[in-house]
Amino acid sequence: MVFPVRKKVIFVHGCFWHRHDGCPLTRWPKSKLEFWKPKLEDNRKRDIENQRKLLKEGWNVLVVWECEISARETLIKRVIDFLGARS
């Protein structure tokens, strides 16, 4: 989600697809690892690079992980806090 007036962006990442460190949903597939490992590692590298570029251009970035969505009240507070203050 992009909020141009506030120069803020929220990414909602799937833990498996974007390699959420330490998360049980971030597991390696049981087959075709030679295909999946580079693909999933490239996703993570691309995410880091995109966030770096946005920060360099003065944007604020919030990443919401799939595993965090179930803690609804905590997530709502986090998003409100992130969007609340203009930079």
Side-chain angles (χ1 to χ4, degrees):
M1 295 175 270
V2 179
F3 303 87
V5 173
R6 297 173 187 234
K7 286 197 89 168
K8 294 186 179 194
V9 62
I10 300 174
F11 289 103
V12 181
H13 286 332
C15 297
F16 171 79
W17 293 105
H18 296 269
R19 314 308 301 155
H20 186 198
D21 289 337
C23 177
L25 299 176
T26 305
R27 68 202 181 305
W28 289 109
K30 294 183 182 192
S31 64
K32 298 187 181 182
L33 201 55
E34 67 282 351
F35 169 80
W36 284 110
K37 191 169 181 177
K39 179 171 181 47
L40 297 173
E41 287 174 347
D42 286 348
N43 285 350
R44 181 73 180 130
K45 289 175 191 172
R46 186 182 63 246
D47 291 341
I48 291 167
E49 181 61 18
N50 287 338
Q51 289 175 40
R52 187 193 65 75
K53 287 177 183 176
L54 285 165
L55 292 169
K56 186 177 178 184
E57 292 177 16
W59 286 77
N60 291 301
V61 176
L62 175 66
V63 176
V64 174
W65 291 98
E66 170 187 9
C67 65
E68 297 172 329
I69 292 173
S70 61
R72 188 169 186 255
E73 294 303 318
T74 302
L75 180 57
I76 290 169
K77 182 180 180 341
R78 212 170 133 213
V79 170
I80 289 171
D81 289 346
F82 176 72
L83 293 176
R86 293 181 185 247
S87 57

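Keep in mind the model is a prediction, meaning the values are calculated, not measured.
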Identify the heavy atoms of [X] and [Y] that sit nearest to each other, and give their distance.
| X | Y | result |
| --- | --- | --- |
| Gln51 | His13 | NE2-NE2, 4.1 Å |
| Leu55 | Val61 | CD2-CG2, 4.3 Å |
| Leu25 | Glu66 | CD1-CD, 3.9 Å |
| Cys15 | Cys67 | SG-N, 3.4 Å |
| Lys37 | Trp28 | CA-CZ3, 3.5 Å |

I'd like to know if [Y] and [X] are part of one continuous hydrophobic network [Ile/Leu/Val/Met/Phe/Trp/Tyr, side-chain heavy atoms within less than 4.5 Å].
| X | Y | value |
| --- | --- | --- |
| Phe16 | Ile69 | no |
| Phe3 | Val12 | yes |
| Trp65 | Met1 | no |
| Leu75 | Val63 | no |

Step by step, work out the salt bridge (Lys or Arg N to Asp or Glu O under 4.0 Å) result for Arg46 and Glu49.
-> CA-CA 5 Å; Arg46 186 182 63 246; Glu49 181 61 18; over 6 Å; no
With rounding to the nearest 0.5 angstrom, report the [atom1] to [atom2] distance, [X] to [Y].
| X | Y | atom1 | atom2 | answer |
| --- | --- | --- | --- | --- |
| Asp47 | Asp42 | CG | CG | 11.0 Å |
| Asn43 | Lys39 | CG | NZ | 5.5 Å |
| Ile76 | Asp81 | CD1 | CG | 12.0 Å |

Hey, are the side chains of [X] and [Y] touching, using non-hydrogen atoms and a 4.5 Å cut-off?
| X | Y | result |
| --- | --- | --- |
| Phe82 | Val64 | no |
| Glu34 | Lys32 | yes |
| Phe11 | His18 | no |

Let me see the working for Leu83 and Arg6 under side chain to side chain contact (heavy atoms under 4.5 Å, CB included), right down to the final yes or no.
-> CA-CA 8 Å; Leu83 293 176; Arg6 297 173 187 234; 4.1 Å; yes
Side-chain donor or acceptor of Lys7 paired with backbone N/O of Glu57 under 3.5 Å = yes
Between Thr26 and Asp21, is there a donor-acceptor pair closer than 3.5 Å when you use the side chain of the first and the backbone of the second?
-> no
Basic-acidic side-chain contact under 4.0 Å: Glu41, Arg44 | no
Ring centres under 6.0 angstrom apart (Trp36, Trp17) | yes
